[in-house]
Amino acid sequence: QVQLVESGGGLVQAGGSLRVSCAASGRTFSSYAMGWFRQAPGKEREFVARINRSGGSTYYVDSVKGRFTISRDNAKNTVYLQMNSLKPEDTAVYYCAAQLPNSARYDYWGQGTQVTVSS
């Protein structure tokens, strides 16, 4: 089982920045594609960002392009989401997820970390 532990959430003012982190257990982190998702109260979980195994390819939902950056440090078994120019609509629980090789979906999820952006 892959365990994912998120950290770095908190309260930030609109226009500010925050970086959330996700630390993974295991020896095969570098074989996983990683993603960030978020879920606001009463809304469905939505995709935010994805990074491939090597870190050379990333993809973002349109609403965060130019503001958020996903990155990974395979030596530290950690994936990051740098969030700049935060807006109140970014308020949500942010989840880290791992996709195992040859899997059609994300297989493991973290517990989530709350990000609240005040106006």
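- For the pair Arg53 and Phe29, the cation-pi test (distance below 6.0 Å, angle within 45°) is failed.
- Taking 4.5 Å as the limit, some side-chain heavy atom of Val79 sits within range of a side-chain heavy atom of Ile70.
- By the 4.5 Å heavy-atom criterion applied to side chains, Cys96 and Trp109 are not counted as neighbours.
- In terms of modelled atom types and a separation under 3.5 Å, the side chain of Arg38 and the main chain of Ala92 share no donor-acceptor contact.
- When side chains are defined from C-beta on, Arg67 counts as touching Asp90, because their heavy atoms get closer than 4.5 Å.
- For the pair Val20 and Gln82, the minimum side-chain heavy-atom distance is 4.5 Å or more.
- Panel note: side chain Asn52, backbone Ser57; a donor-acceptor pair is recorded below 3.5 Å.
- Each ring pair (Phe, Tyr, Trp, His ring centres under 6.0 Å) pair with one or both residues in residues 49-95, not counting sequence neighbours, appears once here: Phe47-Tyr59.
- Between the side chain of Asp107 and the backbone N or O of Leu100, at least one donor-acceptor pair lies under 3.5 Å.
- Between Lys87 and Ser85 there is no side-chain heavy-atom pair separated by less than 4.5 Å.
- One N or O on the side chain of Thr113 and one on the backbone of Gly9 form a donor-acceptor pair closer than 3.5 Å.
- No donor-acceptor distance shorter than 3.5 angstrom exists from the side chain of Gln39 to the backbone of Glu46, with no hydrogens or angles considered.
- Within the model, atoms CZ of Arg72 and OG of Ser54 stand 8.0 Å from one another, a figure rounded to the nearest 0.5 Å.
- Leu81 places a side-chain heavy atom less than 4.5 Å from the side chain of Val48.
- Across all their heavy atoms, Ala98 and Leu4 have their closest contact at N-CD1, 3.8 Å.
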Point to revise | Full working for side-chain hydrogen bond (donor to acceptor under 3.5 Å, both in side chains) between Thr78 and Asp73 | key: CA-CA 5 Å; Thr78 302; Asp73 187 339; over 6 Å; no
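- At a threshold of 4.5 Å between non-hydrogen side-chain atoms, the residues Arg50 and Tyr106 count as touching.
- The CE atom of Met34 sits 14.5 Å away from the OG1 atom of Thr58 when rounded to the nearest 0.5 Å.
- Note on Asp62 versus Lys65: salt bridge recorded, some NZ/NE/NH1/NH2 to OD/OE distance being below 4.0 Å.
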Practice item. Would you sort out whether Thr116 and Gln114 count as a side-chain hydrogen bond (donor to acceptor under 3.5 Å, both in side chains), showing the intermediate values? Key: CA-CA 6 Å; Thr116 302; Gln114 177 71 47; 3.3 Å; yes
Practice item. Test Ser17 against Arg19 for side chain to side chain contact (heavy atoms under 4.5 Å, CB included), laying out the working first. Key: CA-CA 7 Å; Ser17 298; Arg19 187 180 75 164; over 6 Å; no
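- Between the side chain of Gln13 and the backbone N or O of Ser119, no donor-acceptor pair lies under 3.5 Å.
- Side-chain contact check for Leu86 versus Leu18: some heavy-atom pair is nearer than 4.5 Å.
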